[in-house]
There are 2 protein chains.
Amino acid sequence: MQNRKVTILDIAERASVSPATVSRVINKSVVVKESKRKVVIEAMDELGFRPNALARGLVSGRSMTLGVLTQDIGSPLYDNIAKGIIRGLEGSGYSAILVDGLWRENRELEVINTLLDRQIDGLVLIGGVISEGELTKLRKRIPLILVGREMQGWEDYCINIDNFSAAYEATKFLIEQGHRRIAHVKGSPNHQDAEQRFKGYAKALEDSGIELIPNLIFQGDFFPQSGVLAISSFLERGDGFSAVFAANDMMAMGVRRALYQRSIRCPEDVSVIGFDDQIETAFLVPSLTTMRQPSVEMGMAASAALLDVIAGKPHDLPIFKASLQVRESTCRTG
Amino acid sequence: MQNRKVTILDIAERASVSPATVSRVINKSVVVKESKRKVVIEAMDELGFRPNALARGLVSGRSMTLGVLTQDIGSPLYDNIAKGIIRGLEGSGYSAILVDGLWRENRELEVINTLLDRQIDGLVLIGGVISEGELTKLRKRIPLILVGREMQGWEDYCINIDNFSAAYEATKFLIEQGHRRIAHVKGSPNHQDAEQRFKGYAKALEDSGIELIPNLIFQGDFFPQSGVLAISSFLERGDGFSAVFAANDMMAMGVRRALYQRSIRCPEDVSVIGFDDQIETAFLVPSLTTMRQPSVEMGMAASAALLDVIAGKPHDLPIFKASLQVRESTCRTG
DNA sequence: GTATATTCTGAAAAGCTTTTCATTTCAATC
DNA sequence: GATTGAAATGAAAAGCTTTTCAGAATATAC
């Protein structure tokens with residue numbers, strides 16, 4: 001749409017120096033005499049020169065691009081992690097290519113390949129279901145950070161809360177409030193965090209000598225509708241319950257909604273606890289008790305760590321802890 | 001981390017053809033004799049060759065990358081638009097670099113420059129506050145589509161619902177339900193959609209001969225907390241109201257919450273209507289009446305259109321209409 | 001079997017930068 | 001003023017691909 005792009009050669013000519021010198025001015029890689037530097041900068045300003053990132057990447061071997069593989073853009077938790085990652089890149093010169101794996105391994109591997117083709121300098125994986133075998137291969141090829149997912153023997157590169165303990169704590173909280181019949185709405189199958197949360201729930205029951213009732217466990221999918229279905233299922237099967245622990249907030253909203261439709265009061269009749277602490281939860285009626293996950297901070301830590309790894313610097317990962325936000329949707333029971 | 005990358009020269013050598021021929025096989029730009037084609041493909045498979053996108057982009061002038069400038073990643077509406085955009089790119093060979101403008105013009109211009117440096121082939125702007133002057137400059141440089149924003153004389157490249165009419169309709173609905181004192185919680189200042197919605201609200205009142213009461217208008221910021229503050233403000237100023245139209249769902253949730261805290265029933269005492277139709281709204285208690293915006297579809301239309309523009313093909317934009325989702329948070333008033 | 005048209009193919013250039021290596025410049029030293 | 005060393009600079013190569021152009025191979029027509 002424009003005649004021809006301004007290149008480093010145009011600047012070199014205009015400033016009567018070699019392209020190499022212009023490059024040095026741009027990159028501050030070597031000092032150039034102040035007088036020349038000034039002329040070069042003027043020339044660049046006048047011609048509005050902007051270096052071509054493709055050419056730079058090709059020759060330098062650093063594309064200054066990171067890949068971010070997220071799952072199902074539009075889901076609040078992961079969006080916030082992505083936000084943190086992108087925010088953490090601010091001022092670093094790096095940009096992020098965001099791709100969506102849709103929680104399908106094939107798709108994930110495919111989009112990772114397009115990222116690699118683009119010569120990304122590093123990769124952040126948010127969640128996902130790629131097999132450990134593939135991950136092992138991948139991490140040999142490119143600096144890699146995992147968020148919201150864990151991998152044995154790779155802990156130094158994984159950012160996550162301890163979902164097991166968080167779920168344990170949430171369940172324990174209900175137990176301490178006097179609840180004995182605690183239902184659980186599971187997150188999507190194969191999602192690592194969903195599995196961990198379920199296990200934490202089960203262990204908390206066990207440690208308190210409470211029997212786990214299969215009828216009070218529902219396989220959800222992290223969307224609100226599955227919370228609604230869960231309540232139908234629980235009621236149908238006839239095992240009473242006084243509390244529900246949902247593996248995320250959206251399902252907790254569905255649960256709350258279904259209770260309301262059946263005129264079951266929350267929290268007086270049934271306590272509800274969620275997970276993630278989406279921004280909306282504090283404003284629900286009743287406001288939702290939930291396990292907060294510091295998602296944005298985790299994303300920021302991910303990019304910080306990745307940049308360190310790329311730069312060959314030692315990195316250290318902060319420990320992220322989930323914290324229970326006690327609100328109105330839970331209460332003590334007789 | 002690997003010895004040396006496999007290049008097209010390695011393939012050429014192994015297949016005993018010239019690099020040009022390998023290129024032709026990859027791009028199917030010219031037909032290559034079947035026998036050679038087979039050898040080349042075998043060589044590529046054996047060596048696991050993947051073309052370097054940087055080199056391709058540099059020489060071909062097409063980076064196969066699009067820029068997506070969104071605002072404030074993590075806000076539901078825009079995330080869904082971004083999701084649509086990225087989904088619409090599937091199978092096209094294009095990838096998206098996602099950047100966050102944070103609703104600050106300087107920041108937006110800055111990140112657009114980094115996108116241009118990366119030789120993006122096209123750009124989608126979601127919302128934003130860049131001046132029309134800058135937009136005019138920009139659209140001369142690069143194929144451009146605007147989503148959630150409009151620009152005089154550039155309608156063929158803007159994807160948006162008619163926020164004015166949608167707000168008009170929402171307000172009219174409340175009026176038809178018998179409401180006369182209708183408060184409004186505005187979206188962030190300078191946000192085009194927020195302005196339009198306010199205007200639609202005002203016009204609907206006017207057309208029905210209802211006086212607009214400044215005390216019943218609150219300057220919000222699209223976050224739930226501002227819905228809470230709005231109610232405080234309305235009540236403090238003493239002008240009664242029987243309905244609230246919030247410029248988005250999150251503020252409507254804040255409104256709902258604040259009413260609850262003051263034991264004002266919804267919808268019996270006060271009807272509440274939101275905007276956007278976030279997934280959660282249908283599960284609230286009471287479920288929220290809201291104006292649905294087909295955000296994902298709009299995003300998909302944006303990438304489809306942009307790809308057409310880039311390809312030099314004629315494009316046409318579907319018309320997107322907001323649709324009122326009547327739920328439980330509104331009711332007829334005496 | 002030659003002339004002509006067609007289809008394939010390879011060599012080389014181009015795309016834009018960084019980086020290496022050698023050279024020039026300049027100040028400092030004796 | 002010649003010598004040395006450091007600092008600054010330029011020429012050229014390198015990075016990997018696509019594209020142009022010309023030439024080779026093959027097919028077609030007579």
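Every chain is numbered from 1 and lettered A, B, ... according to where its sequence line falls, protein lines coming before strand lines.
- Of the residues in residues 33-46 of chain A, those with a non-hydrogen atom less than 4.0 angstrom from any atom of DNA chain D are K33(A), K36(A).
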Review point. Which nucleotides of nucleotides 12-17 of chain D have their base under 4.0 Å from a protein heavy atom (B), which only their sugar-phosphate (S), and which neither (-), written as one string 5' to 3'?
Key: --BBBB
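- The shortest side-chain heavy-atom distance between L116(A) and L138(A) falls under the 4.5 Å cut-off.
- A ring-ring contact (aromatic ring centres under 6.0 Å, His included) check over residues 67-116 of chain B, counting only residues at least two apart or in different chains, returns the pairs Y78(B)-W103(B), W103(B)-H191(B).
- Within the structure, the ring-ring contact (aromatic ring centres under 6.0 Å, His included) test picks out the following pairs touching residues 135-157 of chain B (sequence neighbours left out): W154(B)-Y157(B), Y157(B)-H315(B).
- Using a 4.0 Å heavy-atom distance criterion, V17(A) is classed as a sugar-phosphate-only contact.
- When rounded to the nearest whole Å, the span between NZ of K28(A) and C1' of dT19(C) equals 18 Å.
- Within the structure, a side-chain polar atom (N or O) of T21(B) is placed less than 4.0 Å from OP1 or OP2 of dG10(C).
- Pairs engaging residues 111-120 of chain B under the side chain to side chain donor-acceptor pair (under 3.5 Å) rule: R50(A)-D117(B), T65(A)-R118(B), S95(A)-R118(B) [sequence neighbours left out].
- Residue-level contact check: V22(B) touches neither bases nor backbone, having no heavy atom under 4.0 Å from any strand.
- One finds no side-chain N or O of S18(A) lying less than 4.0 angstrom from the OP1 or OP2 phosphate oxygen of dT9(D).
- For R139(B) against L144(B), the heavy-atom pair with the smallest separation is CB-CD2, 3.7 Å.
- No more than 12 heavy atoms of other residues, nucleotides or ligands sit less than 6.0 Å from atom CD of E13(B).
- Under the side-chain contact (heavy atoms from CB on, under 4.5 Å) test applied with V124(A), the options I159(A), V147(A), L98(A) reduce to a single match, V147(A).
- Residues in residues 131-151 of chain B take part in no ring-ring contact (aromatic ring centres under 6.0 Å, His included) pair, two or more places apart or across chains.
- In this structure, R24(B) places its CZ atom 15 Å from P of dT7(C), rounding to the nearest Å.
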